[in-house]
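Comments concern the structure below.
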Amino acid sequence: MTTSPNTGSATTSTRGGPARVRYAPSPTGDPHIGNIRTAIWTWLYARHTGGQFIVRLEDTDQTREVPGSLDRILGSLLWLGLNWDEGPDIGGPFAPYKQSERLPLYHAAVDRLLADGNAYRCFCTPAELDEMRKRQQEEKRPPGYEGKCRDIPREIAEARALDEHFVVRFAVPREGSTTVEDLLRGPVTVENRTLDDFVILKSDRFPTYHLAHVVDDTAMEITHVTRGDEWLPSAPRHALLFDALGYPRPAYVHNPIILAPGGGKLSKRHGAKSVLEYAEDGYLPDALLNFLCITGWGHGDDTVMSRERLIEVFEIDAISLSPATFDAERLNWLNGVYLRQMPEAEFAEVVAKRLEIDLSPDVPRPLDRALVAKFTPLIKERVELLTDIAPLVDFFYLSEVATPPVEQFLAKKWKDQPQATADALAAVASDLEAVEAWDAATLEAALRATAERVGAKAGDLFTLVRLAVTGKTVTPPLFESMVIVGVAPCVARVRAAEGAIRASM
RNA sequence: GCCCUCAUCGUCUAGCGGUCAGGACGGGACCCUUUCAAGGUCCAGACAGGGGUUCGACUCCCCUUGGGGGCACCA
């Protein structure tokens, strides 16, 4: 018997219209970044079509459950701005949205499959199955259940079920083939003989993913099933289940996974963290959203796309078929782009919040917002990650900046010239004291004059001053920074540097 | 081992039978410049290989190669 191929009716009838789609995570820990990308695409598709985005908890494996997962999953979505219309926390017309609370639904489906002869009870023990697999491996045969219990007469099976552990397996047709329509790649056909009789109900009376997916996505009227393409090989099983239960099949979108640079699985080593970790590390939600969305999907020549823009132009069937590689550098660049685009006040607030985390505990909190607002314009285009900020501006907060090692001053043009260097700094200090207005333009003019007087190039002198005042070689613009630091500390720091150099002579 | 799937610059992609194969990240050069950035200009860089189909293939088909995934009482 050949299963009739899905003609794509579900696909064509729902194209373009409002989509009911779902994100269905397992509470087994923080969602993986690839998993989140699927959620983003799914959400965008719902918003693009004016449909609904639903969250459903797939908690059918009691042994793998990690406490607190649900909160972190929902927290991740929230942080990314992926709001849901129905879910385990807010309920909805098809509640409950936790599979562990929907057991009766699965049992009803199993009863029907059993009654129709599309499923059967299997009494094989785990030990027996292990042994079977071992044998298959030795004989170089494909692994899979061979149907030992498939032909047990129903009355006998029912009797044994009274006091024996059992699972329920779907009776896959032994012949023919099954075709699944994937929105991205068209028809995918597999021979039924390559499918084994998979378990749909475990011995603890919980469903497996296969059954739960079919029952719930039907009950919740999901139009498009979006999931990672590790599910593609089992999609025909699901199709068979839909057919056996007499349910219409949803449209499927199996998207490729994200690869690590160099190939293979993505891990923390490659800069892939959980969403919440990105949040902690100071990435912007919109930047991560944008980045994840365009890795594995594209819209013409566009790269930087706002949330609104993405909703507007996102087409789910434009998802790329080949697995994309995670490009952390691109993410960082995008984060910088979003940072630079931010309105001044908003940027200042983000900076302040971050500094309250990163700055030394000696600095009193809450941070002086007026001071933050002063240097914020100086650093805006110098920051890619929020963690770049503290090292760039900490000298604004220190009453005393430690003078860097003398060697740092006596480099480049000042190499082996401690006398000239010290004299130059001395000149700087006295000229700064004499300056009549403490603003950037005046300071620059004054120090350029100083440079000429001591016979140094302006840039070389500025390097000295920068080092003395900030303790760093890389800083925000020097004169603007000095204005913020103030005349007295600047002079003191320059004198301290001068002293250190003289002491080393 | 069997099955499924994918294939354009280093990376993410545009292309949907006729293009100088475009853009972005990264790289290089130059400009700007008090450091570092940002910004600007420019440069290098790809259709995996082989067969077909066609007047014409990056585009369609087949094979090879390579990558990815699946074959649990996990999802």
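In what follows, every chain begins at residue 1, and chains take the letters A, B, ... in the order their sequences are listed.
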A:Q137: partners by side-chain contact (heavy atoms from CB on, under 4.5 Å), with sequence neighbours left out: none
Residues which pass side-chain contact (heavy atoms from CB on, under 4.5 Å) with A:V474, listed by chain and number, not counting sequence neighbours: none
N/O donor-acceptor pair, side chain A:S322 with base B:C6, under 3.5 angstrom: no
Side chain A:R330 and base B:U11 donor-acceptor under 3.5 Å: no
Listed once per pair and sorted, the side-chain hydrogen bond (donor to acceptor under 3.5 Å, both in side chains) pairs that draw on residues 457-467 of chain A, sequence neighbours left out: A:R466-A:T475
Test of ring centre spacing under 6.0 Å for A:Y209 and A:H238: yes
Identify whether any heavy atom of [X] sits under 4.0 Å from a base atom; if not, whether one sits that close to sugar-phosphate; answer base, sugar-phosphate or nothing.
X	answer
A:T60	sugar-phosphate
A:P477	base
A:F479	base
A:R169	sugar-phosphate
A:A458	nothing

Please give the distance between the [atom1] atoms of [N] and [M] as a whole number of Å.
N	M	atom1	value
B:C4	B:C43	C1'	43 Å
B:C3	B:A14	P	31 Å
B:C9	B:C61	C1'	27 Å
B:U19	B:A57	C1'	13 Å
B:C6	B:C42	P	38 Å
B:C47	B:G28	C1'	24 Å
B:G45	B:G23	P	14 Å
B:G68	B:C12	P	13 Å

5'-most by nearest nucleotide on RNA chain B - A:L331 or A:G459: A:L331
Most 5' of A:K140 and A:D204 on RNA chain B, judged by nearest nucleotide: A:K140
Using the salt bridge (charged side-chain N to carboxylate O under 4.0 Å, His left out) rule, collect all pairs that involve [range], keeping only residues at least two apart or in two chains.
range	value
residues 471-487 of chain A	A:D394-A:K472
residues 206-220 of chain A	A:R22-A:D217, A:R56-A:D216, A:R56-A:D217, A:R102-A:D216
residues 318-330 of chain A	none

SB check A:K134 A:E139 (cutoff 4.0 Å): no
N-O pairing of A:K273 and A:D30 below 4.0 Å: no
Partner nucleotide, any strand, of B:A37 [Watson-Crick/G-U, under 3.5 Å]: none
For B:C71, the Watson-Crick or wobble partner whose two distances fall under 3.5 Å: B:G1
Proximity to the side chain of [X] - top-ranked nucleotide from [options]:
X	options	result
A:L232	B:U5, B:C6, B:U35	B:U5
A:T295	B:C12, B:A75, B:C4	B:C12
A:V474	B:U5, B:U35, B:C73	B:U35
A:V190	B:A75, B:C4, B:G26	B:C4

Aromatic A:Y120 / basic A:R169 pairing, under 6.0 angstrom, 45° off normal: no
Ring pair (Phe, Tyr, Trp, His ring centres under 6.0 Å) contacts in which one or both residues fall within residues 442-471 of chain A, not counting sequence neighbours: A:F462-A:F479
Under 4.0 Å protein heavy-atom contact, by nucleotide of nucleotides 57-71 of chain B - B base, S sugar-phosphate only: -----------SBSB
Under 4.0 Å protein heavy-atom contact, by nucleotide of nucleotides 38-45 of chain B - B base, S sugar-phosphate only: SS------
